[in-house]
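Throughout, protein chains are lettered first and strands after them, A, B, ... in sequence-line order, and every chain is numbered starting at 1. Keep in mind that what you see is a predicted model, and the values were worked out from it rather than measured.
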2 protein chains.
Amino acid sequence: MAFVNQNQILQSLIAEQLVSDPASARGRLLKEAARLFRDKGYERTTVRDLAAAVGIQSGSLFHHFRTKEEILKAVMVETIRLNTALMQAAADSEESPRGKLRALVRSELESINGQTGEAMAVLVYEWRSLSESSQVQVLELREIYEGLWLSVLEELNELGQLKADPFIVRRMLTGALSWTVTWYKPERGGLTLDGLTDQVMAMLGL
Amino acid sequence: MAFVNQNQILQSLIAEQLVSDPASARGRLLKEAARLFRDKGYERTTVRDLAAAVGIQSGSLFHHFRTKEEILKAVMVETIRLNTALMQAAADSEESPRGKLRALVRSELESINGQTGEAMAVLVYEWRSLSESSQVQVLELREIYEGLWLSVLEELNELGQLKADPFIVRRMLTGALSWTVTWYKPERGGLTLDGLTDQVMAMLGL
DNA sequence: GTCTATAGACTGATAGAC
DNA sequence: GTCTATCAGTCTATAGAC
């Protein structure tokens with residue numbers, strides 16, 4: 001797994017029909033939906049906005065999705081599936097616990113501030129707009145993702161390298177890393193994604 | 001300032017008409033609005049919901065506020081004013097830079113998870129629902145608040161006690177502390193607010 | 001300062017033609 | 001698979017009586 005690149009991972013997920021091909025009609029709609037939901041919020045985004053973004057009429061949307069909420073759910077589900085796979089590969093490519101943690105931080109920062117950033121922001125900020133039954137289903141997927149983090153953090157803790165409780169560190173990191181979407185602008189300042197990762201590791205004394 | 005308590009601060013802000021008296025009609029509405037906006041989101045909360053929460057009809061709301069957005073803005077403005085004053089008093093009550101930082105972390109955690117928690121969550125998660133002109137006004141108030149943090153963090157940095165850049169540490173803390181609202185439940189587990197503050201300080205190696 | 005009644009705009013979703 | 005047309009419901013805000 002160590003040298004599998006990001007595009008190979010995406011391709012295999014598409015082949016398994018776990019995420020939509022970004023070139024397909026469904027994939028393009030989900031991409032535009034993520035952008036609109038992040039920019040305006042789920043409630044302020046109308047089905048007319050969504051349809052216009054992919055160049056169709058609002059009535060035609062309901063041929064692809066039964067409800068507006070189904071679109072929100074699909075954005076979230078596919079985003080978690082993709083990022084769990086990317087995260088797993090990032091952790092597997094490192095040997096030491098510290099290296100694995102750095103890879104996870106780097107990978108999550110990339111998810112939040114890169115290609116899937118819009119969808120990741122939706123996952124954090126539009127959670128309440130999901131119906132309760134959908135929340136349960138998305139939460140199940142999310143647990144696999146969180147398990148990756150906890151196993152690495154617990155390993156570091158057993159080595160005495162972690163200064164606080166692993167569960168709490170993960171929750172602090174969840175908040176801290178997702179918040180970067182509101183202020184981190186790689187193009188403006190001199191801070192690269194690797195530089196930002198270094199700052200996070202330094203803050204943890206690692 | 002060292003021994004001024006929280007209630008005295010609230011009373012003096014009410015006297016200066018910088019925040020509404022929680023017992024007044026306006027104050028009670030803002031309290032209910034904060035709760036509804038946090039629970040359902042600004043867009044999903046209707047003026048009928050707001051009116052019902054204080055026992056009046058929806059038309060009567062517009063005697064107190066010209067628009068629904070004005071209510072959101074008032075929740076945010078009054079929350080920042082109150083918490084800036086509480087934060088200032090907390091920092092002033094300590095001598096050492098480390099002590100001041102701990103007081104700020106403790107104070108912000110209390111704001112987020114205590115009495116003003118509903119309004120603080122609104123400040124973080126409903127930002128986009130504010131019109132651009134209102135965003136500018138609220139941002140100005142927010143800068144005073146952030147200045148308090150930065151002066152303490154820069155002091156610690158000059159003493160060589162901070163492991164990462166002060167600006168970045170503040171932003172990480174903003175995300176990490178505000179995120180506690182999604183998981184920290186003082187009544188359930190054994191972790192107190194002081195215990196949580198200790199974990200944050202330990203994570204920073206302080 | 002609160003009420004009732006409603007204007008006027010917008011919403012998600014459906015039906016049936018092509 | 002997309003179109004047009006529209007339904008039925010909901011929304012913020014206003015007007016005028018009390």
Side-chain angles (χ1 to χ4, degrees), chain A residues 17 20-77 122 126-135, chain B residues 17 20-76 122 125-135:
Chain A
Q17 299 202 20
S20 306
D21 187 335
S24 70
R26 183 187 160 96
R28 275 183 296 117
L29 177 80
L30 291 181
K31 175 84 184 154
E32 291 297 323
R35 186 179 58 79
L36 284 163
F37 291 162
R38 188 201 56 176
D39 291 349
K40 310 174 57 166
Y42 172 77
E43 307 292 342
R44 292 171 91 97
T45 303
T46 67
V47 292
R48 288 167 179 82
D49 291 334
L50 292 167
V54 290
I56 58 175
Q57 294 299 312
S58 67
S60 309
L61 257 191
F62 295 89
H63 177 77
H64 301 280
F65 296 89
R66 274 185 321 200
T67 63
K68 182 186 167 192
E69 198 224 333
E70 203 174 85
I71 300 176
L72 177 62
K73 185 175 161 185
V75 167
M76 293 185 173
V77 166
V122 170
E126 303 300 331
W127 184 253
R128 273 179 321 200
S129 297
L130 215 57
S131 70
E132 269 190 65
S133 64
S134 295
Q135 284 189 12
Chain B
Q17 302 201 16
S20 308
D21 187 336
S24 71
R26 183 186 159 97
R28 275 183 296 118
L29 177 81
L30 291 181
K31 175 84 184 155
E32 291 298 322
R35 186 179 57 81
L36 284 164
F37 290 163
R38 188 201 55 175
D39 290 349
K40 309 175 58 166
Y42 173 77
E43 307 292 342
R44 290 170 92 98
T45 303
T46 68
V47 292
R48 290 171 180 81
D49 292 333
L50 293 167
V54 291
I56 58 175
Q57 293 300 310
S58 66
S60 310
L61 256 192
F62 295 90
H63 177 78
H64 301 280
F65 295 89
R66 274 185 323 205
T67 63
K68 182 186 168 191
E69 197 223 333
E70 203 174 86
I71 301 175
L72 177 63
K73 185 175 160 186
V75 167
M76 293 186 172
V122 171
Y125 294 103
E126 302 301 330
W127 185 252
R128 275 177 321 197
S129 297
L130 215 57
S131 71
E132 270 192 64
S133 64
S134 295
Q135 283 189 13

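Y42(A) has its side chain out of reach of E43(B): every pair of non-hydrogen atoms, C-beta onward, lies at least 4.5 Å apart. You'll find the side chain of L50(B) reaches within 4.5 Å of the side chain of F37(B), heavy atoms only.
A straight line from CZ of R48(A) to P of dT4(D) spans 13 Å, rounded to a whole angstrom. One interatomic measurement links the two molecules: OH of Y42(A) to P of dT11(C), which rounds to 13 Å at whole-angstrom precision. For L61(B) and dA15(D), the CG to C1' distance is 17 Å, given to the nearest whole Å. Rounded to whole Å, atom C1' of dT11(C) lies 9 Å from atom NZ of K68(A). For the pair I71(B) CD1 and dA13(D) P, the interatomic distance rounds to 9 Å; values are reported in whole Å. We find that CZ of F62(A) is positioned 7 Å from P of dG12(C), with the value rounded to whole Å. Atom pair E43(B):CD and dT11(C):P shows a separation of 11 Å (rounding to whole Å applied). At whole-Å resolution of the value, CZ in R44(B) and P in dG9(D) are 19 Å apart.
Phosphate proximity of dT2(C) to H64(B): present, with a side-chain N or O under 4.0 Å from OP1 or OP2.
Side-chain atoms of Q57(A) lie closest to dC3(D) of the nucleotides dA13(C), dA13(D), dC3(D). In this structure, of dT2(D), dT12(D), dG12(C), it is dT2(D) that holds the atom nearest to the side chain of S60(A). Of the listed nucleotides (dT4(C), dT2(D), dA13(C)), dT2(D) has the atom at the smallest distance from the side chain of I56(A).
In this structure, R66(A) places its CZ atom where only 12 or fewer heavy-atom neighbours from other residues, nucleotides or ligands lie under 6.0 Å away.
Summary of the strand contacts: T45(A) and H63(B) both lie near DNA chain C, and taking for each the nucleotide with the nearest heavy atom, the more 5' one is attributed to H63(B).
Judged by the 6.0 Å and 45° rule, K73(B) forms no cation-pi pair with F65(B).
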